[in-house]
K.L.:
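One structure, as structure tokens, below. Some questions next.
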Amino acid sequence: MDWLRSYSGEFDSIEELQKIVDKLNVKMNTNICQGTRNVSLPAFHKRKGIPHTSS
């Protein structure tokens with residue numbers, strides 16, 4: 001949530017907030033997890049049997 005605090009007051013509409021949340025979502029899901037040393041999203045897809053597609 002510290003990432004979200006850095007955006008405090010930097011949006012004027014729900015659409016702008018959604019863009020910030022979308023960027024944070026990508027950032028969080030593509031960072032290497034300190035506990036597993038893996039990237040979260042591909043590991044989730046593998047666990048659930050979901051084919052991973054690059055965006």
Side-chain angles (χ1 to χ4, degrees):
M1 287 282 106
D2 289 333
W3 290 346
L4 192 52
R5 285 190 194 108
S6 66
Y7 290 97
S8 180
E10 289 189 25
F11 53 90
D12 297 318
S13 68
I14 291 295
E15 291 79 16
E16 288 183 47
L17 176 59
Q18 184 63 53
K19 287 179 185 177
I20 291 169
V21 171
D22 290 344
K23 286 179 185 178
L24 288 173
N25 187 30
V26 168
K27 184 176 182 178
M28 292 174 72
N29 285 321
T30 56
N31 278 343
I32 296 173
C33 173
Q34 292 178 353
T36 64
R37 296 190 178 171
N38 289 316
V39 177
S40 300
L41 193 57
F44 172 78
H45 285 168
K46 183 177 179 180
R47 235 182 8 256
K48 297 295 181 181
I50 302 169
H52 179 68
T53 57
S54 299
S55 313

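The chain is numbered in sequence order, starting from 1.
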K.L.:
Excluding sequence neighbours, so at least two apart, what forms side-chain hydrogen bond (donor to acceptor under 3.5 Å, both in side chains) with D22?
P.N.:
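If we apply the side-chain hydrogen bond (donor to acceptor under 3.5 Å, both in side chains) test to D22, skipping adjacent residues, the hits are Q18.
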K.L.:
Report whether L17 and L24 are members of the same hydrophobic cluster (ILVMFWY, side-chain heavy atoms less than 4.5 Å apart, transitive linking).
P.N.:
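Yes.
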K.L.:
State which residues pass side-chain hydrogen bond (donor to acceptor under 3.5 Å, both in side chains) with Q34; sequence neighbours excluded, sorted by chain then number.
P.N.:
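For Q34 there are no side-chain hydrogen bond (donor to acceptor under 3.5 Å, both in side chains) partners, ignoring immediate neighbours.
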